Amino acid sequence: MKDNLSELFPLVDEAGNIIGSITRGEAHNGSKALHPVVHLHLFNSKGDLYLQKRPEWKDIQPGKWDTACGGHIDLGENVDQALKREVGEELGVTDFEAEPLGSYVFESAKERELVYAFRCTFDGKVTPCKEELSEGRFWSKDEIASNLGKEVFTPNFEHEYSKFFKDRDE
């Protein structure tokens, strides 16, 4: 399995206004063309955070633990539609209340994303999609803290965790 490099994403400015379109291949080839994504941080009522392990075949950060759900907004979708689609596809979760955390621009060596981050508390069944991610599980705050900076997590997850959760009690 591998990513569809011809899949179309919106090309956006830093305010999220659509200014064109771009393929996945162009978005991830070092062009730094800004494209939007959604991330969901899924906590259980004990405060543990669900993380997914990215499959080895992914073109960005293969094999690393990442945000519970993260995905691109497709051309023609809005943020809420993309969030519902991605969470359903990746985690099998369809009944959740997402709280917006904010948006920011994240840049890596290969890409530049406008990230719309959300969180929710969910105690139902999480069914990770084997075609989308290699595994998933809940991590305690201590487990996450002891693995930060050790290349266990994606840089994007570490950035978001520090930005939104590191110094808070969930």
Side-chain angles (χ1 to χ4, degrees), residues 1-12 16-18 21-28 33-44 48-108 110-139 144 153-161 163-165 170:
M1 183 169 253
K2 62 189 255 188
D3 287 318
N4 175 1
L5 298 180
S6 59
E7 183 179 5
L8 283 178
F9 302 149
L11 182 64
V12 298
N17 300 307
I18 298 172
S21 64
I22 190 168
T23 66
R24 175 188 288 271
E26 293 166 328
H28 294 171
L34 189 62
H35 57 286
V37 299
V38 292
H39 288 176
L40 179 70
H41 296 273
L42 188 136
F43 290 88
N44 63 23
D48 298 331
L49 181 58
Y50 191 90
L51 300 178
Q52 64 158 281
K53 190 170 187 186
R54 296 177 62 78
E56 292 296 336
W57 55 262
K58 293 299 276 183
D59 59 345
I60 302 289
Q61 297 294 326
K64 293 201 176 168
W65 287 92
D66 201 1
T67 310
C69 180
H72 292 89
I73 296 174
D74 289 338
L75 193 60
E77 267 185 325
N78 66 33
V79 173
D80 290 333
Q81 290 168 329
L83 183 65
K84 285 181 177 38
R85 176 183 53 78
E86 286 289 346
V87 174
E89 286 175 4
E90 292 187 4
L91 304 177
V93 173
T94 56
D95 185 22
F96 65 98
E97 296 269 334
E99 171 193 331
L101 295 169
S103 63
Y104 65 93
V105 173
F106 182 80
E107 187 170 333
S108 71
K110 285 189 173 184
E111 66 176 338
R112 203 164 151 250
E113 297 177 326
L114 177 59
V115 180
Y116 293 92
F118 296 84
R119 65 152 291 150
C120 75
T121 301
F122 182 79
D123 287 318
K125 184 173 170 76
V126 179
T127 310
C129 174
K130 297 300 180 196
E131 288 81 41
E132 292 277 337
L133 45 125
S134 68
E135 62 181 288
R137 69 174 180 89
F138 282 97
W139 292 60
I144 292 171
F153 306 120
T154 65
N156 193 264
F157 169 75
E158 290 200 4
H159 168 81
E160 252 178 58
Y161 187 78
K163 180 179 180 73
F164 297 121
F165 306 115
E170 292 302 316

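What you see is a predicted model, and the numbers here were worked out from it, not measured in a lab.
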Identify the two heavy atoms, one from Glu97 and one from Cys120, that lie closest to each other, and give their separation to 0.1 Å. O-CB, 3.1 Å
Close side-chain approach of Pro62 to Arg54, heavy-atom, < 4.5 Å: no
How close do Ile22 and Ala33 get, heavy atom to heavy atom, and via which atoms? CD1-CB, 3.1 Å
Judged by atom type as modelled, is there a donor-acceptor pair below 3.5 Å linking the side chain of Ser108 to the main-chain atoms of Lys110? yes
Minimum-distance pair of heavy atoms, taken over all atoms of Gly16 and Leu114: CA-CD2, 3.5 Å
Are any non-hydrogen side-chain atoms of Glu89 and Cys129 less than 4.5 angstrom apart? no
Heavy-atom check, side chain of Val38 versus side chain of Ile73, under 4.5 Å: yes
Under a 3.5 Å cutoff, is there a donor and acceptor pairing between the side chains of Glu26 and Thr23? yes
Whether Arg137 and Asp48 form a salt bridge (side-chain N of Lys/Arg under 4.0 Å from carboxylate O of Asp/Glu) is what I want to check. no
I'd like to know whether Leu40 forms a side chain to side chain contact (heavy atoms under 4.5 Å, CB included) with Leu83, so could you lay out the CA-CA distance, the side-chain angles of the two residues, the decisive distance to 0.1 Å, and finally the verdict. CA-CA 8 Å; Leu40 179 70; Leu83 183 65; 4.0 Å; yes
Let me confirm one number: the CZ-CD distance from Arg24 to Glu111, rounded to the nearest 0.5 Å. 9.0 Å
Nearest heavy-atom pair of Pro10 and Pro36: which atoms, and what distance? O-CD, 3.3 Å
Walk me through whether Phe96 and Thr121 qualify under side chain to side chain contact (heavy atoms under 4.5 Å, CB included). CA-CA 8 Å; Phe96 65 98; Thr121 301; over 6 Å; no
Starting at CG of Asn44, measure out to CZ of Phe122 and round the result to the nearest 0.5 Å. 11.0 Å
Which atom pairs, one a donor and one an acceptor, fall under 3.5 Å between side chains of residues 98-106 and the rest of the protein, sequence neighbours left out?
{"unit_1": "Tyr104", "atom_1": "OH", "unit_2": "Glu160", "atom_2": "OE2", "d": "2.4"}

Short question: side chain of Glu77, backbone of Asp74 - any donor-acceptor pair under 3.5 Å? yes
Check: Glu90/Gln52 side-chain N/O donor and acceptor closer than 3.5 Å: yes
Which pair of non-hydrogen atoms, one from Val93 and one from Lys125, has the smallest distance, and what is that distance? CG2-O, 3.9 Å
Can you check side chain to side chain contact (heavy atoms under 4.5 Å, CB included) on Asp66 and Gln61, steps first, answer last? CA-CA 9 Å; Asp66 201 1; Gln61 297 294 326; over 6 Å; no
Does any pair with a residue in residues 61-90 pass ring pair (Phe, Tyr, Trp, His ring centres under 6.0 Å), and if so which ones, sequence neighbours excluded? Phe9-His72, His28-His72, His35-His72, Trp65-Trp139
To the nearest 0.5 Å, atom CD of Glu86 lies from atom CG of Leu91 at 9.5 Å
Does the gap between the ring centers of Phe165 and Phe43 come in under 6.0 Å? yes
Is the count of non-hydrogen atoms from other residues, nucleotides or ligands lying under 6.0 Å from Asp95 atom CG greater than 12? no
Considering the options Leu42, Leu49, Leu51, which one meets the side chain to side chain contact (heavy atoms under 4.5 Å, CB included) requirement together with Phe138? Leu42
Interatomic spacing from CZ in Phe118 to NE2 in His41 - rounded to 0.5 Å: 10.5 Å
Could you tell me whether the side chain of Ser21 reaches within less than 4.5 Å of the side chain of Leu11, counting heavy atoms only? no
Output for pair (His39 NE2, Phe157 CZ), nearest 0.5 Å, gives 11.0 Å
Among residues at least two apart in sequence or on other chains, which ones pass side-chain contact (heavy atoms from CB on, under 4.5 Å) with Glu158? Leu148, Phe153
